[in-house]
Amino acid sequence: MPIRLYDSLNRELKPLEAHQKDGVFRFYNCGPTVYAPAHIGNFRTFVVNDVIRRLLELEFGKDKVRHVRNLTDVDDKTIRRARDEGRPLAEVTKQWTDKFHADCAALNCLPPHVEPTATGHIKEQVDMIEVLLRKRHAYRAPDGSVYFRVSSFQEYGELSHLQERELKTGSALAGKPQTADADEKEDGSDFALWKAWKPEDGDVKWPGPDDAAAGRPGWHIECSAMSKKHLGDNIDLHTGGVDLLFPHHENEIAQSECCNGVTFANHWYHSEHLLVDGKKMSKSLGNLYTLDDLKAKGFSPMALRYSLLAGHPRKQLNFTLDGLHAAESALKTLRAYRAALPAQGGTVFVDQPVLEALQDDLNTPGALGALFTAINHHKPAEVSAEHFDRAMFALGFDLQAAESPKAAAPAEVEALAEKRWAAKTAKDFAAADALRKELATAGWSMLDRKDGYSLEPLKK
RNA sequence: GGUGCGGUAGCCAAGUGGUAAGGCCGAGCUCUGCAAAAGCUCUAUUCGGCGGUUCGAUUCCGCCCCGCACCUCCA
């Protein structure tokens, strides 16, 4: 069954298809800017895209999927961060790239096959800009920057349906200059392909395209160049968060199609934003979470992954700590159920309803519902472990990793626990119960097993 | 102002022109010295409001109310 996925360009569900003769599905996912730890909203997009990657592997075969996700390692934010910290740009971006990789691994996201960086593809970007200059789709500004001439591309605005929009007017726009370099542009909607060096850029600069000043690439061109290099001129799927729809992806289309003369992407997909407390996450609202913030609160990364998939990817998802608790509990159920499955011989395939839901426009909450419906209706003894694991693979749940991190108990709590265990084994239940109460007062719960015990911080 | 998305049980959240999946929480039960774990059972005559189409609407149409996001470099 083909994967049907919403296409942002046509605004309809379309099957995902590999268009090249080699049958390889070409998938480009816009990656993070590495200047700070990614927040959980960023990870919503990456987790959703990881499920797409997994579905593609199941659909086309593991070796017939080529997944590229870039790292933006030079832009205003990375440069500013490096300058503020007095460190080389490469050192700062390395630090946050490593952190991003660690977080992705904790969330059980498969690494992309290629993870190109903007600074690693300066030449490819310059080459593209030179083609655009020659074709008159771009022009050199007085300061040596290069801009894309939006008026030269008739189809500009198709993705974001610009022609149906009206520019914000009145007070909402007042006081918000279009861009700082408006003076340099022929038209307000033109965008930078190459930015001439400025003093605040420090030592961040490369030789520019013909005639242009030394400087650095604009943001949008990196994805066009890296996608071209690693996937070719025509790709099968291009994805990102909704906020990238305009202008980023609109600009990518313009650059790539004007340069290459062929359709850039056959399918566009955008996942919706994660909200916190009903609002978009932002530093000013103080509602921005990182994975480490949640780990510090005792939640497992897998619970975050579950939470992020508990809402439909094309709907805004309101993130709450309650939701994380729910996810943690649901994973616990799955883990217990998995442990009860026979090693082999099960004849019920619970992956089927799960995959069907996912193939239907990536309905992750529907898939979770189908999963639980299936396991509620079948005793573990009937269920095929292999197929259960296939469902876990598609969703990317690593049940082994799903245990919440256990905090170590302080020595005095350990001592109390030892005393209680001794009292219990001596069948002095009155003393044992009293000690259990003492432990609870100290904030700990003691879990008895046949041959021993463990300690857990008391849940609120 | 424009564009897009949404309002389903205490919370989260699928879904369909034919009478409401699932998760969490809560309650009861089984099991167990106790507790926990695990298992079982129960929990929306109703889908923002008002009209319309229809044999029948939560699902289609219209209007209204409310929320969120985007509108040039934020996943």
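The structure presented is a predicted model; accordingly, all values stated were derived computationally and were not measured. Each chain gets a letter, A, B and so on, in the order the sequences are listed, and its residues count up from 1.
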Among residues at least two apart in sequence or on other chains, which ones pass salt bridge (charged side-chain N to carboxylate O under 4.0 Å, His left out) with [X]?
X: A:D73; value: none
X: A:K280; value: none
X: A:D292; value: A:K99, A:K295
X: A:D448; value: A:R420, A:K424, A:R436

Could you state the atom-to-atom distance from [atom1] of [X] to [atom2] of [N] in whole Å?
X: A:R436; N: B:G33; atom1: CZ; atom2: C1'; answer: 11 Å
X: A:L324; N: B:C12; atom1: CG; atom2: P; answer: 14 Å
X: A:Y453; N: B:C34; atom1: OH; atom2: P; answer: 20 Å
X: A:D201; N: B:C73; atom1: CG; atom2: P; answer: 17 Å
X: A:L317; N: B:G7; atom1: CG; atom2: P; answer: 13 Å
X: A:E158; N: B:U3; atom1: CD; atom2: P; answer: 18 Å
X: A:H312; N: B:G22; atom1: NE2; atom2: P; answer: 20 Å
X: A:K427; N: B:C34; atom1: NZ; atom2: C1'; answer: 12 Å

Quick one: do [X] and [Y] make a salt bridge, cutoff under 4.0 Å?
X: A:D50; Y: A:R54; value: yes
X: A:R83; Y: A:E200; value: no
X: A:D190; Y: A:K185; value: no

Should [X] be listed as having a side-chain N or O under 4.0 Å from OP1 or OP2 of [N]?
X: A:K315; N: B:A14; value: yes
X: A:R314; N: B:G4; value: no
X: A:K280; N: B:C70; value: yes
X: A:N363; N: B:G15; value: yes

Which part of the nucleic acid, if any, lies within contact of A:G369, taking any heavy atom under 4.0 Å across all strands shown: a base, the sugar-phosphate backbone alone, or nothing?
->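 If one applies the 4.0 Å heavy-atom cut-off, A:G369 turns out to touch a base.
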Give one of base, sugar-phosphate or nothing for A:G240, where a contact means two heavy atoms less than 4.0 Å apart.
->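 Since only primed, P, OP1 and OP2 atoms lie under 4.0 Å of A:G240, the category is sugar-phosphate.
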Separation of the [atom1] atoms in [N] and [M], to the nearest angstrom:
N: B:C47; M: B:A57; atom1: C1'; answer: 11 Å
N: B:C66; M: B:U53; atom1: P; answer: 28 Å
N: B:A21; M: B:U45; atom1: P; answer: 13 Å
N: B:G17; M: B:G10; atom1: P; answer: 27 Å
N: B:U8; M: B:G48; atom1: C1'; answer: 10 Å
N: B:U54; M: B:U72; atom1: P; answer: 46 Å
N: B:G6; M: B:C12; atom1: C1'; answer: 15 Å
N: B:C64; M: B:C24; atom1: P; answer: 41 Å

Would you say the base of [N] and the side-chain of [X] have a donor-acceptor pair closer than 3.5 Å?
X: A:H273; N: B:A69; value: no
X: A:D448; N: B:C34; value: yes
X: A:R420; N: B:G33; value: yes
X: A:R44; N: B:A75; value: no

The side chain of A:L274 lies closest to which of these nucleotides: B:A38, B:G33, B:A75?
->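 Output: B:A75.
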Taking the side chain of A:K195 as heavy atoms from C-beta outward, which of B:G33, B:C73, B:U3 is closest to it?
->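 Selected nucleotide (nearest to the side chain): B:C73.
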Only one of A:H67, A:H121, A:H113 passes ring pair (Phe, Tyr, Trp, His ring centres under 6.0 Å) with A:H230; say which it is.
->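 Only match with A:H230 under ring pair (Phe, Tyr, Trp, His ring centres under 6.0 Å): A:H121.
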Tell me, which pairs form a ring-ring contact (aromatic ring centres under 6.0 Å, His included) where one or both residues lie in residues 32-55 of chain A, sequence neighbours left out?
->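 Checked against ring-ring contact (aromatic ring centres under 6.0 Å, His included) - neighbours excluded - the pairs reaching residues 32-55 of chain A are A:F43-A:F100, A:F46-A:F100.
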I'd like a list of close polar pairs between nucleotides 23-25 of chain B and the protein, N/O only, cut-off under 3.5 Å.
residue: B:G23; atom: OP1; partner: A:N376; partner atom: ND2; Å: 3.0
residue: B:C24; atom: O3'; partner: A:S329; partner atom: OG; Å: 3.4
residue: B:C25; atom: OP1; partner: A:S329; partner atom: OG; Å: 3.4

When you match A:N318 and A:Y337 each to their closest nucleotide on RNA chain B, which lands nearer the 5' end?
->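 Going by which nucleotide is closer to the 5' end, it is A:N318.
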Could you pick out which residue, A:D243 or A:G311, lies toward the 5' side of RNA chain B when each is mapped onto its nearest nucleotide?
->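 First, find each residue's nearest nucleotide; the 5'-ward one identifies A:G311.
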Tell me, please, which residues at least two apart from A:D76 pass side-chain hydrogen bond (donor to acceptor under 3.5 Å, both in side chains).
->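 Checked A:D76 against side-chain hydrogen bond (donor to acceptor under 3.5 Å, both in side chains); matches are A:R216.
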Kindly list each side-chain donor-acceptor pair under 3.5 angstrom involving residues 361-370 of chain A, sequence neighbours excluded, with atom names and distances?
residue: A:D361; atom: OD1; partner: A:Y6; partner atom: N; Å: 2.9
residue: A:D361; atom: OD2; partner: A:R314; partner atom: NE; Å: 3.1
residue: A:D361; atom: OD2; partner: A:R314; partner atom: NH2; Å: 2.6
residue: A:N363; atom: OD1; partner: A:G366; partner atom: N; Å: 2.8
residue: A:T364; atom: OG1; partner: A:L309; partner atom: O; Å: 2.8
residue: A:T364; atom: OG1; partner: A:G311; partner atom: O; Å: 3.2

Under 3.5 Å for both distances, Watson-Crick or G-U wobble, that's the pair rule; now give the dot-bracket for RNA chain B, with | marking pairs to another strand and [ ] for crossing ones.
-> (((((((..(((.....[...))).(((((.......))))).....(((((..]....))))))))))))....
Would you please indicate if the ring centroids of A:F264 and A:H238 are separated by under 6.0 Å?
->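 Aromatic pair counts; centres sit under 6.0 Å.
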